[in-house]
Every structure is written in structure tokens, then in C-alpha cells.
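Here is how names work: the chains are called A, B, and so on, in the same order as the sequence lines, proteins then strands, and each is numbered from 1.
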There are 2 protein chains.
Amino acid sequence: MPITQPAAHPDDPDEGGSVDALVQASFATMAVLNKVGADHDLSLTQLRVLAILRDRRLRMTGLADYLGLDKSTMTGLVQRAEKRGLLRRVANRTDGRVVDVMLTTAGVDLADRIRHHVAQSLSPMIGTLSQPDQRRLTTLLFRMIGRR
Amino acid sequence: MPITQPAAHPDDPDEGGSVDALVQASFATMAVLNKVGADHDLSLTQLRVLAILRDRRLRMTGLADYLGLDKSTMTGLVQRAEKRGLLRRVANRTDGRVVDVMLTTAGVDLADRIRHHVAQSLSPMIGTLSQPDQRRLTTLLFRMIGRR
DNA sequence: TATTGTTATACTCTATAACTATA
DNA sequence: TATAGTTATAGAGTATAACAATA
């Protein structure tokens with residue numbers, strides 16, 4: 001099921017198809033993440049919130065920066081997650097304007113379950129590669145996005 | 001800017017970090033696509049619609065299948081794109097129930113511009129890899145998602 | 001009867017602008 | 001004045017259920 005069309009135009013600078021490979025692999029990955037989220041009644045954004053807060057405590061603005069969203073968007077996002085008991089809003093003691101956000105125990109548990117679920121759900125795709133190829137891919141991807 | 005947390009748990013089956021690499025690279029890629037879409041006043045989904053229809057004509061259901069969305073979702077999606085003059089709905093002659101969807105000239109033009117814009121926007125990321133590494137990455141990704 | 005598409009409905013996600021409280 | 005967060009508002013995206021038209 002092609003999600004975007006393969007490049008097949010002579011004036012395209014991406015002769016090797018790197019762009020298409022990356023875009024198609026990304027859409028395939030996002031589809032899996034989306035499915036995992038849906039299985040836990042979470043949107044992709046909520047999934048990210050959980051992942052980000054899994055071992056971090058952030059203020060509203062910090063969370064918005066991580067997600068690339070406006071701070072006003074965070075209010076509803078955090079509110080809905082709070083109502084589900086996944087996280088807590090805590091007034092910051094040193095700065096009265098700041099609201100810190102942290103996962104509850106239930107939130108951490110769900111984040112962990114999701115992490116495993118994601119790994120399992122992606123394994124059919126990743127598993128098509130040999131172990132050495134998986135290592136090569138990992139190295140290349142981390143190098144590309146500037147980690148490691 | 002880490003988007004998800006790195007795996008650092010001993011009970012995690014993804015020892016090599018393939019899952020994290022793929023997820024993080026995918027989020028980075030989606031952020032770029034999202035930005036490109038926004039620059040053209042298109043959501044990620046509308047961007048995909050254009051890419052899918054770039055050299056294809058599909059019925060509503062076919063489009064929904066490609067996108068993994070419900071057919072009822074397509075109505076509004078296509079309606080808004082049609083109002084912008086990017087695509088047309090055409091009654092199918094052999095089956096009166098079917099509505100075919102195809103890009104207008106303006107739609108094809110925009111799809112082409114976006115394709116180039118995407119390639120340009122991803123090039124800083126992809127370009128951090130050497131040419132041989134780019135080829136290796138492309139091969140691995142296509143192999144992983146089962147193309148080529 | 002089954003399939004195709006739309007409509008009605010309800011929610012989530014998202015940004016912009018205006019606001020409150022604190023610094 | 002500037003910053004942190006919320007609220008009000010508007011629109012897009014999404015699914016479910018019910019529906020009309022066609023096969």
C-alpha cells in the first residue's frame with residue numbers, strides 16, 4: 001500500500017530515492033504508532049505526551065516546545081489526560097506562574113505498556129531486516145537525526 | 001529536541017535501539033512534512049491526498065483505503081480540497097454509486113511544487129549522511145517496508 | 001441484499017486573540 | 001513590561017450511526 005507516490009520524474013534531484021524511502025517508511029511507522037495509540041484510546045499526540053513525560057517533569061510551555069504546538073493547545077491536551085488520571089498538574093513553588101506536569105503512577109504504567117506495544121508492533125517491519133542490517137539502519141538513522 | 005524518550009530499560013527487547021531510531025526519525029520527518037504542508041496551507045492529510053492522486057484517479061473508497069481513514073471522513077476532506085480547486089469529483093459512468101476523484105491542473109501543479117519542497121526540506125537531514133550512506137539507508141528502508 | 005457515498009453528530013486537535021496572574 | 005497559562009472562538013480532522021441511491 002504505497003502512501004506517497006514514488007519519484008519517477010527526470011527533474012527530481014532525489015535520484016537515489018532517499019526522500020521517498022524516508023517518507024514512506026515514516027508514514028508506515030506513524031500508521032503503526034497511530035494504531036497502538038488507538039488501541040489504548042490515545043491520539044498520536046497523547047501518545048507523545050506520555051512518552052515525553054515518562055521520565056521527565058515539564059512545565060506547560062516546555063511540553064508545548066517538545067511537541068511543536070502552541071501553549072494554548074496544551075491546556076486541553078493536558079486537561080483531557082488529567083481527567084483520565086494519566087498525569088497531574090502541579091503549581092511550581094518558585095514561580096507562581098508556572099504549572100509543572102508529571103505522570104501519575106497510572107500514566108507511567110500506561111507509558112511503559114505502550115512502549116512495549118510499540119516495540120512489538122514495529123517488530124514485524126523491523127524484523128524483515130537481518131540483525132546486522134538492523135544495526136546498520138539504526139546507526140544511519142541516529143546519525144541522520146544527530147543523535148549518537 | 002528528542003521527541004520520544006530513548007530506551008534505557010534492561011527489560012526492553014529493543015537492545016539495539018532500532019525502534020527508537022525509527023520512531024524518532026519518523027517524527028522528525030513528519031515534522032518537516034507538516035511544515036511543508038503548513039507553508040502551502042495544507043494539513044498532512046491533504047498533503048497525502050495530493051501525493052496519492054498525483055498520477056492516479058481513485059474513487060472515494062479507494063482514497064479512504066490508501067489513507068486508512070473512514071469513507072465518511074473522505075467527504076469533508078475531498079470537499080475542502082475541491083472548494084480550493086485542487087481536485088474534481090466525477091461521477092463514474094459504469095457504476096452510478098461511485099464517485100471518482102482526480103486532481104485538477106492546479107492540483108497537479110501544487111503536488112509537484114510540494115514534492116520539490118519536501119525534497120529540499122528533507123535534504124539538510126538526509127544530507128548529513130554521505131552519498132554512500134544515503135544509498136545504504138535507502139536500500140534498508142525500502143527493504144524494510146517491502147518495496148524494491 | 002450489498003455497496004457507495006453522504007449526512008448528522010460528537011469529539012479531539014489545533015491556532016489566534018484576548019485575558020488573568022505573576023514576575 | 002514581559003512571561004506563563006487559560007479561555008473563547010473557529011475550523012479541520014476523525015469515527016460512528018443512520019440514510020439514500022445504485023447494483
Please check the phosphate of [N] (OP1 and OP2 only) for any side-chain N or O of [X] closer than 4.0 Å.
| X | N | answer |
| --- | --- | --- |
| A/Q79 | C/dT12 | no |
| A/T61 | D/dT3 | no |
| B/R80 | D/dG11 | no |
| A/S43 | C/dC13 | yes |

Please give, in whole Å, the distance from [N] [atom2] to [X] [atom1]?
| X | N | atom1 | atom2 | answer |
| --- | --- | --- | --- | --- |
| A/N92 | D/dT3 | CG | C1' | 13 Å |
| A/L77 | D/dG5 | CG | P | 14 Å |
| B/M60 | D/dA21 | CE | P | 18 Å |
| B/L58 | C/dT4 | CG | P | 14 Å |
| A/K83 | C/dC11 | NZ | C1' | 11 Å |
| A/D100 | D/dT3 | CG | C1' | 15 Å |
| B/L63 | C/dG5 | CG | P | 10 Å |
| B/R48 | D/dA12 | CZ | P | 20 Å |

Practice prompt. Using a 4.5 Å cut-off on heavy atoms from C-beta on, say whether the side chain of B/M125 contacts that of A/M144.
Written response: yes
Worksheet item: Does a side-chain N-to-carboxylate-O contact under 4.0 Å join A/R113 and A/D109?
Response: no
Item to complete: Assign each of A/G76 and B/M74 to its nearest nucleotide of DNA chain C by heavy atoms, then name whichever residue's nucleotide is nearer the 5' end.
Response: B/M74
Item to complete: Would you mind building the protein contact string for nucleotides 15-23 of chain C? One character per nucleotide, 5' to 3', B for base within reach (heavy atoms under 4.0 Å), S for sugar-phosphate only, - for untouched.
Response: BBB----BS
Discussion item. Test of understanding: with side-chain hydrogen bond (donor to acceptor under 3.5 Å, both in side chains), list the residues that count as partners of B/R59, not counting sequence neighbours.
Written reply: none
Discussion item. I'd like to check the side-chain contact (heavy atoms from CB on, under 4.5 Å) partners of B/R84; sequence neighbours left out, ordered by chain and number.
Written reply: B/D41, B/L42, B/L86
Fill in: Pairs flagged by ring-ring contact (aromatic ring centres under 6.0 Å, His included) wherever residues 29-56 of chain B is involved - sequence neighbours left out
B/H40-B/H117
Item to complete: Any pair with a residue in residues 76-98 of chain A that passes ring-ring contact (aromatic ring centres under 6.0 Å, His included), sequence neighbours left out, goes on the list, sorted by first then second residue, please.
Response: none
Item to complete: Could you identify which residues cluster with B/V98, counting Ile, Leu, Val, Met, Phe, Trp and Tyr as linked when any side-chain heavy atoms lie under 4.5 Å apart, either directly or through a chain of such contacts?
Response: none
Discussion item. Measuring from the side chain of B/R89 (C-beta onward, heavy atoms only), which nucleotide among C/dG5, C/dT6, D/dA4 has the closest atom?
Written reply: C/dT6
